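One structure below.
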Amino acid sequence: MSDTASSQDALVTVMVTMCVADHDMANVELSSIETLIARLPVFDGFDRSRIGAIADRVAGRLQEANGLEAILDEVKSALPARLQETAYALAVEVASADVVAEQEELRFMEMLRDAFEVSRLNTAAIEHSARVRYRKA
């Protein structure tokens with residue numbers, strides 16, 4: 001697997017993990033993942049047929065003891081530092097898609113922020129940007 005494929009898989013893993021963090025795979029969150037993969041340059045060349053396999057792997061890992069921590073370790077080791085903020089931003093985007101961030105989603109964002117050492121200022125900017133994009137009229 002190339003470094004690009006590994007990074008792309010890690011980013012998709014973050015989004016899928018965020019989607020299932022609250023134990024409810026909302027259709028709007030799944031749609032958000034598909035849209036992000038289709039539109040963002042970081043996913044150029046990504047084989048979308050792999051999403052199901054990645055989701056199955058995430059589901060399996062989450063059934064294990066310390067599965068969430070294991071996912072974070074895998075993702076962190078697969079992502080270069082320059083894509084760690086991107087991973088955080090993608091997680092926030094998925095969490096924001098259904099407009100309500102549940103406690104489990106907020107906890108996962110906190111774990112990502114800490115694992116990736118994203119500054120409070122940058123996380124606040126990313127989160128604020130998502131909030132204003134997903135406001136209802």
Side-chain angles (χ1 to χ4, degrees):
M1 180 182 308
S2 72
D3 288 343
T4 299
S6 178
S7 293
Q8 290 173 330
D9 283 4
L11 293 171
V12 173
T13 297
V14 166
M15 292 189 294
V16 168
T17 304
M18 179 55 76
C19 183
V20 299
D22 62 357
H23 309 288
D24 178 30
M25 285 185 100
N27 285 336
V28 69
E29 289 175 332
L30 292 171
S31 176
S32 175
I33 291 170
E34 291 172 357
T35 299
L36 291 166
I37 291 171
R39 292 187 178 171
L40 295 179
V42 73
F43 293 111
D44 284 350
F46 179 75
D47 178 4
R48 290 187 221 170
S49 69
R50 296 186 32 70
I51 296 171
I54 293 170
D56 289 344
R57 188 170 38 82
V58 167
R61 289 308 294 257
L62 290 174
Q63 296 302 313
E64 300 171 3
N66 299 318
L68 189 56
E69 291 81 6
I71 288 171
L72 285 170
D73 289 343
E74 288 174 11
V75 166
K76 186 171 181 182
S77 68
L79 285 175
R82 67 182 181 78
L83 290 179
Q84 291 180 356
E85 279 184 346
T86 302
Y88 185 81
L90 291 171
V92 170
E93 197 71 22
V94 171
S96 300
D98 64 0
V99 185
V100 177
E102 299 295 335
Q103 192 60 39
E104 297 90 348
E105 293 170 315
L106 297 173
R107 175 66 181 128
F108 183 58
M109 284 191 290
E110 180 181 2
M111 292 172 77
L112 282 172
R113 182 192 69 224
D114 293 345
F116 296 152
E117 299 176 11
V118 180
S119 74
R120 295 267 184 187
L121 182 61
N122 289 350
T123 58
I126 291 166
E127 292 165 12
H128 178 75
S129 177
R131 270 192 306 275
V132 298
R133 277 194 315 281
Y134 286 94
R135 278 190 186 136
K136 292 185 176 183

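The chain is numbered in sequence order, starting from 1. Basis for what follows: all heavy atoms, side chains included, without hydrogens, waters or symmetry-related copies. What you are looking at is a predicted structure, and each value in this text was computed from that prediction instead of being measured.
- Between atom CG of residue L30 and atom OG1 of residue T35 there is a gap of 10.5 Å, rounded to the nearest 0.5 Å.
- Here the shortest heavy-atom pairing between I37 and F43 reads O-CB, 3.4 Å.
- The two residues S49 and D47 have their closest heavy-atom pair at OG-OD1, 2.7 Å.
- Annotation for A87 and L79: closest pair CB-CD1, 3.7 Å, computed over non-hydrogen atoms.
- Taking CZ of R50 as the reference point, atom CZ of R57 lies at 7.5 Å (rounded to 0.5 Å).
- Cluster annotation: F108 is not connected to Y134 through the hydrophobic network of ILVMFWY side chains, with a link wherever side-chain heavy atoms come within less than 4.5 Å.
- With a 4.5 Å cut-off on side-chain heavy atoms, L40 and L90 count as touching.
- Not one N or O on the side chain of E93 forms a donor-acceptor pair closer than 3.5 Å with the backbone of A130.
- Separation of atoms OG1 (T86) and CZ (F116) is listed at 10.0 Å; rounding is to 0.5 Å.
- With rounding to the nearest 0.5 Å, the separation of CE in M109 from OG1 in T123 is 9.5 Å.
- Looking only at side-chain heavy atoms (C-beta outward), L106 and Q103 come within less than 4.5 Å of each other.
- Contact check on R113 versus E127 returns no salt bridge, with no Lys/Arg side-chain nitrogen under 4.0 Å from an Asp/Glu carboxylate oxygen.
- Across V28 and A97, no two heavy atoms sit closer than the pair CG2-O, 3.5 Å.
- Taking a 6.0 Å sphere around CZ of R133, one finds it holds more than 12 heavy atoms contributed by other residues, nucleotides or ligands.
- Rounding to the nearest 0.5 Å places CE of M15 at 10.0 Å from CD of E34.
- Residues V94 and L36 meet the side-chain proximity criterion, which asks for heavy atoms closer than 4.5 Å.
- Between the side chain of T17 and the main chain of T13, a donor-acceptor pair closer than 3.5 Å is present.
- Judged by distance alone, the side chain of S129 and the main-chain N or O of I126 form no donor-acceptor pair under 3.5 Å.
- When each of V14, L112, L83 is paired with Y88, the side chain to side chain contact (heavy atoms under 4.5 Å, CB included) condition holds for L112 and for no other.
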For this session: Using the salt bridge (Lys or Arg N to Asp or Glu O under 4.0 Å) rule, take E104 and R107 through it: C-alpha gap first, then chi angles, then the decisive distance, then the call.
Result: CA-CA 5 Å; E104 297 90 348; R107 175 66 181 128; over 6 Å; no
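- A donor-acceptor pair under 3.5 Å is absent between the side-chain atoms of E29 and the main chain of V20, judged by distance alone.
- Of all heavy-atom pairs between V75 and A10, the closest is CG2-O, 3.9 Å.
- Minimum heavy-atom separation, A91 to M18: O-CG, 3.3 Å.
- Between D114 atom CG and E110 atom CD the span is 5.5 Å, to the nearest 0.5 Å.
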